[in-house]
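Just follow the structure's listing: the first ligand is 1, and inside any ligand the first atom is 1.
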Amino acid sequence: MALNLFHKNIIYLKGVGPAKADLLRKELDIRTIGDLVNFFPHRYIDRTQFYKVKDLQDTKAEVQLIGKITGIHTVDQKRGSRLVAKFEDESGSLELIWFRGAKWIKQSLKTNTTYVIFGRVNLFNNTFTMPHPEMELLSDYKKSLQSALQPVYSSTENLAKKGISNRVMQKMMQQLFLEYKDRFDETLSKELMDQHHLISKSNALFQVHFPESQELLAKGQKRLIFEELFYIQLQLVRNNLIRKKKIKGYAFEKVGDLFNEFYTKYLPFSLTNAQKKVLKEIRIDVGSVAQMNRLLQGDVGSGKTIVAVLSALIALDNGYQVALMAPTEILANQHFNAISNLLSEMPIMIRLLTGSSKTKARREIHENLENGQLNILIGTHALLEDKVKFKNLGLVIIDEQHRFGVAQRARMWKKNKLPPHILVMTATPIPRTLAMSVYGDLDISVIDELPPGRKQIKTALRYDKDRLSVFKFMKEEIAKGRQIYIVYPLIEESDAFDYKDLMDGYESISREFPKPNYQVSIVHGKMKPADKDYEMQQFATGKTQILVATTVIEVGVDVPNASVMIIESAEKFGLSQLHQLRGRVGRGADQSFCILMASYKLSTQAKVRLQTMVETTDGFVIAEVDLKLRGPGNIMGTQQSGVLNLKIADIIKDTAILKMARYAAKDILTDDPNLALLKNKNILQAYQEIERKTGAWANIS
Ligand code: ADP
Ligand code: MG
């Protein structure tokens, strides 16, 4: 179909007048023939089955019957009247009931004529009733464009009230296909369709609205899902390619003395293969003139920090400065300490800049940044302030990315003539497939291997009644020289209840673990940064054995000697948070434990979350479960990516097709970056059409 036909106002469709068109526009944002045909059913009812009255069950399921109306009467009630019709087939009878529109319906009903009726049945006083059935004369039913699987379109209250029922919707689709069937432009190339066994666009649209069989419906859906995901991927991949071509960065041409000296003399362990692989990917990126925009995914404890340090050394070797940004002060502190330690023997100036940095220190930092003496600046959001100016910032490392948005990434760009290379590190393992659609504009590296010698963390679910044995266990572990985290949920920073829980917990722990045998620390968001720091330091250096805390310790805290994580009211935490928290232990050579304390009454979702935690430590498995439980809307980044506005694809279910679409998009653009080849004519046309519509987000990040 020519494009202008696709854009034709639905008012030109027979049976759609101004009023209906207006309603469709307001309620469903359907304006054109194209919009209407892309309004897909959200489910299907199997209408191959006809029931007999005697076989009906009280299941509230929708059923379809064939029979005749043998009597009609009106029952008067306090509020209006109710119309009752007796419906019979050869096996028995039931009652059809209308509470509304009785008068009008009564006139239109024909007795002793065969109808096909459809609806939900209720059992009432031993009689089945079907309120507000959908009905059609058998003769019409046979004539109409019937398919075994009846599409159900989502509706709104307003539409239903104004008489646009599912039946009316179907009729409209029927009209649309009578007029336009087989006139829809093909949007994929023949090559793609052959390669992936996809049916034509026209046929797919037809099968989705009027499925001839389950099998054909599946084919139609697959084709349309592929198409939808393919064009999202095409845009993402293309933007990425354009960026690489257009956006020049600094080429770090050499791996020099600092890197080599550190690598041979001070690297405290040998890198895992995964770390080596990722480092190589980063080296290739920063070595080219195209600016790097890379997402480094690695489960908690997989060793991202050392990758960051080595990348930083490459930047320094080429004469550039490095910024490392963390989401919390605790984490920035910890990075500062860890990295200062690692690099203590090297001639490198490292400073920490956070909200609590003193004016004098700040001034010195600003100065040294601008004159180029300062090599690595570590900090929080404070790094984004305009006052923070670099002489030649070459690499920005952003840790625990889920707390920083795209906008913040962009702000770091502006600190320079050319944009620095950007390495985003995240321990929230976004399922790979989702990452592909959400972060299609970033290149992705994955550390998919833990350092050797790690013991699997043992996780258990415990209840209040188990508290004594948990205390006993804690004492045993402390006797072995281990340290313990106890974490309380803090839903709202301001929630007094949560603080009460925390303080009560702290008191009872202090009672159970009295001085001088035991030392207990506490850390929470209401404390002054300096106090927090002090307490953290006490724990990190082994002066206290137990750290009672809120989730401020969630990200990144690294105390290898801590081997027990106890999570109070674990049911209140989300899966990825639980996983993050658990990741605080299991960092040393000792066997580590995670104890999830829960209340007895758990919601189904909470049970799934806790059970998942007990069963697996694989961050990617956990992320998949999380995605299934919460839906993609709650996963960071999905808003910008358009994956939420999908018409037919389901980012969770359709991961296999998503992968196909991703690779197809890459292949085509590698082969034909401007879609200039004749064989890709359809794709170019459809792509331009989409760009025209969605131009706005084509330029994000
Ligand atoms: P994360 O990926 O969670 O940021 P870290 O970088 O904090 O992980 O590393 C976790 C722990 O593992 C640290 O104590 C670190 O020193 C150690 N580590 C990292 N890489 C290796 C390795 N290749 N071999 C042994 N230990 C390692
Ligand atoms: Mg980390």
Side-chain angles (χ1 to χ4, degrees), residues 262-282 294-313 322 324-328 330-344 376 378 397-404 423-430 444-457 482-483 485 536 539-542 551-563 565 576-592 594 617-620 622-623:
F262 177 78
Y263 201 93
T264 47
K265 278 206 196 139
Y266 304 114
L267 191 66
F269 35 69
S270 33
L271 296 183
T272 62
N273 286 330
Q275 285 169 323
K276 284 184 193 156
K277 175 194 72 186
V278 161
L279 199 63
K280 201 164 156 195
E281 287 165 350
I282 294 170
R294 189 167 277 281
L295 177 70
L296 172 56
Q297 281 198 320
D299 211 342
V300 275
S302 62
K304 294 184 291 295
T305 313
I306 198 73
V307 173
V309 168
L310 289 165
S311 309
L313 292 177
V322 175
L324 192 158
M325 201 157 62
T328 64
I330 289 184
L331 191 52
N333 255 315
Q334 187 179 288
H335 272 312
F336 177 72
N337 293 333
I339 294 174
S340 299
N341 263 337
L342 280 167
L343 301 178
S344 60
I376 301 180
I378 297 173
I397 300 166
I398 303 179
D399 194 14
E400 308 299 351
Q401 189 262 348
H402 56 294
R403 306 276 174 98
F404 291 103
L423 180 66
V424 173
M425 305 197 291
T426 176
T428 310
I430 299 147
I444 298 173
S445 290
V446 182
I447 304 185
D448 48 9
E449 169 189 13
L450 293 180
R454 293 272 172 83
K455 293 205 178 72
Q456 183 100 339
I457 302 167
R482 308 286 132 69
Q483 289 168 282
Y485 294 103
M536 276 309 298
F539 187 70
T541 51
T551 45
V552 287
I553 66 155
E554 177 188 340
V555 248
V557 173
D558 187 27
V559 181
N561 190 50
S563 64
M565 167 61 68
S576 69
Q577 233 183 343
L578 289 172
H579 181 62
Q580 283 292 324
L581 286 170
R582 180 169 58 185
R584 297 309 110 215
V585 297
R587 306 191 144 230
D590 310 313
Q591 176 61 55
S592 289
C594 175
T617 51
D618 184 330
F620 283 102
I622 288 171

Under-4.0 Å heavy-atom contact with ligand 1, by part of Asp299 that carries it = backbone
Test of proximity, Gly301 against ligand 1: N or O pairs below 3.5 Å = yes
query = Does some non-hydrogen atom of Gln297 fall short of 4.0 Å from ligand 1?
reply = no
ask   = Against heavy atoms of Ser302, which atoms of ligand 1 measure under 4.0 Å?
value = 2 (O), 8 (O)
request  = Can you measure from CG (Leu423) to CD1 (Ile397) and round to the nearest 0.5 angstrom?
outcome  = 6.0 Å
query = Hey, does Gly298 sit under 4.0 Å from ligand 1 if you only count heavy atoms?
reply = no
ask   = Are any of the side-chain heavy atoms of Ile376 and Val309 separated by less than 4.5 Å?
value = no
request  = Evaluate the side-chain proximity of Leu324 to Ile339: yes if any heavy-atom separation is below 4.5 Å, no if none is.
outcome  = yes
query = Are Asp448 and Lys277 ion-paired here, with the side-chain N under 4.0 Å from a carboxylate O?
reply = yes
key: Element-labelled atoms of ligand 1 that are located less than 4.0 Å from some non-hydrogen atom of Leu271   = 23 (N)
task = Can you sort out which atoms of ligand 1 are near Arg587, meaning under 4.0 Å from one of its heavy atoms?
result = 3 (O), 7 (O), 10 (C)
ask   = Considering all heavy atoms of both residues, which atom of Tyr266 and which atom of Leu342 are nearest to each other, and what is their separation?
value = CB-O, 4.3 Å
ask   = Between Ser311 and Leu279, which heavy-atom pair has the shortest distance, and what is it?
value = OG-CD1, 4.0 Å
note = Taking only non-hydrogen atoms of Thr305 and a 4.0 Å limit, the atoms of ligand 1 in range are 4 (O), 5 (P), 6 (O), 7 (O)
task = Taking the side chain as every heavy atom from C-beta outward, state whether Arg582 and Ile622 have any atom pair closer than 4.5 Å.
result = yes
note = One finds that the ligand 1 atoms under 4.0 Å from a non-hydrogen atom of Thr272 are 23 (N)
ask   = ligand 1 versus Met425, non-hydrogen atoms closer than 4.0 Å: side chain, backbone, both, neither?
value = neither
remark   = Numbered in order shown, the ligand 1 atoms found under 4.0 Å of a heavy atom of Arg454 are 10 (C), 11 (C), 12 (O), 17 (C)
message = Yes or no: does Ser270 have any heavy atom under 4.0 Å from an atom of ligand 1?
response = yes
request  = Compare all side-chain heavy atoms of Asn333 with those of Met536 and state whether any distance is below 4.5 angstrom.
outcome  = no
task = Mark yes or no for whether Gln456, through its side chain, and Ser592, through its backbone, hold a donor-acceptor pair below 3.5 Å.
result = no
query = Is ligand 1 less than 4.0 angstrom away from at least one heavy atom of Asp399?
reply = no
